[in-house]
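Written out below as C-alpha cells is the structure these notes cover.
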Amino acid sequence: MARHAATFTPTGLTRRQKRDLQRQIAEAQQEATPTRSSRRDRSVPEAAVPGPFGPGITQGGYWNLAKAWIPAHQATSQHIAGIYPFVADSGLGHRGPILGVDLNADALWHFSPWEAYVDSTERGTFSTNILVLGAYRGGKSATVKTLVTRSIAFGQQVVVPSDPKGEWVTVAEAIPGGRVIRLGGGTGTRLNPLDRGPRRTGTTDEQHEQMVKQRRIGTLIALIEMTLGHRLTAVEHAAILDALDRCIERTGDHPTLRGVYEELGRLAGETDAAFRAADGAIQPRFVLRRLVEGDLSGLFEDESTVEFDQDAPIVVTDTSELFARGDLAAQLTQVCSTAWIQAVISDRGARRTRYVVREEGWRDMTSLSSLQMFQQWLKLSRHYGISNIVILHKMGDLDAVGDDGSLERSLAYSIVGDIENKFIFRVNHQEQTALRTRLNLPAPHVEMARQLRKGEFLAYVGQYSYLVDCFATSTPWEYELFATDDAVSPADHDDAALRVIDPDELDALWPEATEPADQSVRGWLQPPARDLTEEL
C-alpha cells in the first residue's frame, strides 16, 4: 500500500529559509523510504550495528560481507552406519558354496575360486590359488574343510598330497567314495615319485615326453638338494641326468629311485668317464640311500602299489606315521607324495576342477629347486583347473627357508605374496610387521586381524576385502567332524566347587622340628649347622 505525504510552506519566509525547509523535507522523505535489497542480501542477517561492515573489522565481532558457509559433515564408516543403516556391500554374489556370513553386509557369503576367476567384473580375480594364514586355534583347518566339502556338491574334487596330522582322514572316511592312502606304519604302501602318469590330452609325443622328463628331473634334484642343504654342482647334475637316462632305458621307461640309486653306484665305479661322473655320483647316491635302504625305505623306492582314483570326491595321503621321524623326513615325504599326485592330476583334458590342500605349506619350499617347482605349479594351476590352498601358521614359517637375505627366502616370500586370494585369521602380535611389509595389508586390517574370534577371517578376493564368519553357518555334524583340537578336553571334575581341607591333614603334612630352635639374636645370625655324617 503506497504512502502519501503533503508539505506546507509558511508565508513570509525568505529565500534562504525556504531552501533550508526544502532540504529538511527531502531528508525526512529519504529516511522514511525503505532501502531496496536483492534476495541474496535479504538472506543475510542484519548487522549488529548499522553500517556496511559492522564491528567485525575493528572490534573482531560479526560482519556481514558474505553469506555464512557451513562445512560438510565428515565421519568414519563405523559411525556413519548409524545414519545410513541400509548401506551394505554387494558381496561376491550367490555363485559357489556358502562359506559363512559377511559381517559387514549381514548376508551369506558365497565363494568359489573358479567362479571368481571367470568373473569379468571388478570383483573378479586373476588366480585360483588361496593363502590361508593364522595362529593356532584360529579356525583355519575347519574353514578349509568346510569350503572343500561343500564344494563337492558343486562338482569339485579334493586332493590332500600329505596329511601330517591325520586330521583329513576322518573327513575322507565320512564322505561317501572318499579314498585314503596310508604310508608307513607297516601298511606296505609304496608311491613311485618317478611315475609317468597319464598322458595329457592334446599334447604331442614330443611335448609329453619333455614334460615327463622335466618332472622326473625336478623331483630328483629337489630330493637331493633338500637333503644336502646346498645346490648341486654341474658334475652332480650331469651324473643324475645320466643315471636317470640309464634307468629309463634299462627298465623300459619305468624308472624308480632304487634304479637311479643303482645306476649312480655304477657311475661311481667308472673312472674313465669324460666328464668325471664318478665324482658327481657320490653325494647323490648317499642321499638316495636313505630312501632305498635307510629310515625312509619301503615307501618311495619301488613301483607304486596303489593307483590314484580320479573319480573319488576326496583323496587323502596319510603321512602322519612318517612325520614323527623329523623335519627332513617330513620334507622328503611331502616332496615324493606331491610329485606322485601331480603326475596324475596335471591333465587339463580331463576337465576336472580340484582343490589341492597343502598342509604345512612351507615344507614344499625348503630348497631352491623345490621353490621353483612350487612356483611353476602355482602358475599352471589355472591351466590345469586346480586351486592350491597353502596353509601357514605365520609368515615366520618361511624363515626356515634358506638364510637371511638368501635367494631362497626372497623367492618364498615372493611366492606367498603373489597369491591373490587370501584368508587371514587371528594372528599374534609379532605378525603385525610381517603382514604390513610382506603382504601389504593396511594397518587397520592388521589391527582387526589381532582381534578376530575363532572362525572369523579377513578374505581378500581380487581388489576387495570381506569380513566373514565361517562358523555362523556350520552344522553340528561339521563341528564334530572338522574339530582338530580333540586331544585337548575339559577336566572331568568341577574345580569351581570349594573343597574344605581337614586341619588334621595339614598337621600331618607340616614338618616337625627335630630340636628346639635358638630364638636369640645369635641364633638368627648364626648359619645352620650341617650334619656331615651322611656325607662322610
Side-chain angles (χ1 to χ4, degrees), residues 75-113 115-117 119 121-125 127-148 150-151 387 389-395 416-417 419-429 431-436 438-475 478-479 482:
T76 62
S77 57
Q78 181 179 4
H79 297 86
I80 208 70
I83 304 176
Y84 301 99
F86 304 107
V87 176
D89 188 80
S90 60
L92 292 175
H94 298 83
R95 295 180 298 178
I98 298 173
L99 187 54
V101 175
D102 189 348
L103 298 181
N104 291 329
D106 195 17
L108 294 176
W109 196 70
H110 300 248
F111 177 73
S112 172
E115 295 292 345
Y117 177 71
D119 190 355
T121 65
E122 70 277 1
R123 294 187 179 271
T125 182
S127 174
T128 57
N129 301 316
I130 306 172
L131 172 65
V132 180
L133 177 67
Y136 291 96
R137 295 182 60 83
K140 302 185 304 299
S141 297
T143 300
V144 173
K145 293 173 184 176
T146 302
L147 172 62
V148 299
R150 293 179 181 178
S151 298
S387 174
I389 302 180
V390 183
I391 303 177
L392 299 176
H393 294 292
K394 57 183 183 298
M395 293 297 294
V416 172
I419 299 179
E420 193 172 10
N421 304 317
K422 301 178 181 64
F423 292 172
I424 308 298
F425 290 79
R426 179 179 57 84
V427 297
N428 297 324
H429 175 75
E431 288 293 294
Q432 291 189 23
T433 304
L435 292 178
R436 287 196 299 263
R438 300 296 184 181
L439 298 182
N440 197 24
L441 298 186
H445 289 196
V446 176
E447 185 64 26
M448 186 185 301
R450 293 186 53 212
Q451 303 173 3
L452 294 176
R453 296 175 299 178
K454 189 174 182 180
E456 296 179 352
F457 62 95
L458 289 171
Y460 295 89
V461 181
Q463 302 177 359
Y464 288 80
S465 60
Y466 311 89
L467 179 59
V468 184
D469 183 4
C470 174
F471 291 176
T473 59
S474 298
T475 62
E478 291 174 324
Y479 270 122
F482 300 157

Residue pairs involving residues 438-449 (criterion salt bridge (Lys or Arg N to Asp or Glu O under 4.0 Å); sequence neighbours excluded): Glu447-Arg450
Test side-chain contact (heavy atoms from CB on, under 4.5 Å) applied to Val427 and Lys394, step by step: CA-CA 8 Å; Val427 297; Lys394 57 183 183 298; over 6 Å; no
Value rounded to 0.5 Å, distance of OH in Tyr117 from OG1 in Thr128: 8.0 Å
Met395 CE to Leu133 CG distance, which is reported to the nearest 0.5 Å: 7.0 Å
Working for side-chain contact (heavy atoms from CB on, under 4.5 Å), residues Val148 and Ile389: CA-CA 10 Å; Val148 299; Ile389 302 180; 4.0 Å; yes
Interatomic distance, Phe425 atom CZ to Leu458 atom CG [nearest 0.5 angstrom]: 10.0 Å
Shortest non-hydrogen contact from Ala135 toward Asn428: CB-OD1, 3.8 Å
Leu392 and Val132: CA distance, side-chain angles, deciding distance, side-chain contact (heavy atoms from CB on, under 4.5 Å) verdict: CA-CA 6 Å; Leu392 299 176; Val132 180; over 6 Å; no
Under 3.5 Å: donor-acceptor pair, side chain of Lys140, backbone of Ile391: no
Distance (rounded to the nearest 0.5 Å) between Asn421 CG and Leu131 CG: 9.5 Å
Atom of Pro113, atom of Thr125 and distance for their closest heavy-atom approach: O-CG2, 4.5 Å
Under the ring-ring contact (aromatic ring centres under 6.0 Å, His included) test, residues paired with Phe471 that sit two or more places apart: Tyr479
More than 12 heavy atoms from other groups under 6.0 Å of CZ on Arg95: yes
Closest non-hydrogen atom pair, Thr143 against Gly455: OG1-O, 4.5 Å
Residue list, ring-ring contact (aromatic ring centres under 6.0 Å, His included) with Phe482, at least two apart or on another chain: none
Inter-residue atom distance Arg436.CZ - Glu431.CD, 0.5 Å rounding: 11.5 Å
Thr473: partners by side-chain contact (heavy atoms from CB on, under 4.5 Å), with sequence neighbours left out: Ile98, Val101, Leu108, Arg150
Phe423: partners by ring-ring contact (aromatic ring centres under 6.0 Å, His included), with sequence neighbours left out: Phe111, Phe457
Pair Asp119-Leu92, side-chain contact (heavy atoms from CB on, under 4.5 Å): steps then yes or no: CA-CA 9 Å; Asp119 190 355; Leu92 292 175; 5.7 Å; no
Shortest non-hydrogen contact from Lys422 toward Ile419: NZ-O, 2.6 Å
Between NE2 on residue His445 and OG on residue Ser465, distance to nearest 0.5 Å: 4.5 Å
Under 3.5 Å: donor-acceptor pair, side chain of Glu115, backbone of Ser112: no
Side-chain donor/acceptor of His110 to backbone N/O of Gly96, under 3.5 Å: yes
N/O donor-acceptor pair under 3.5 Å between Asp102 side chain and Ala107 backbone: no
Counterpart residues, ring-ring contact (aromatic ring centres under 6.0 Å, His included), relative to Tyr136 (two or more places apart): His393
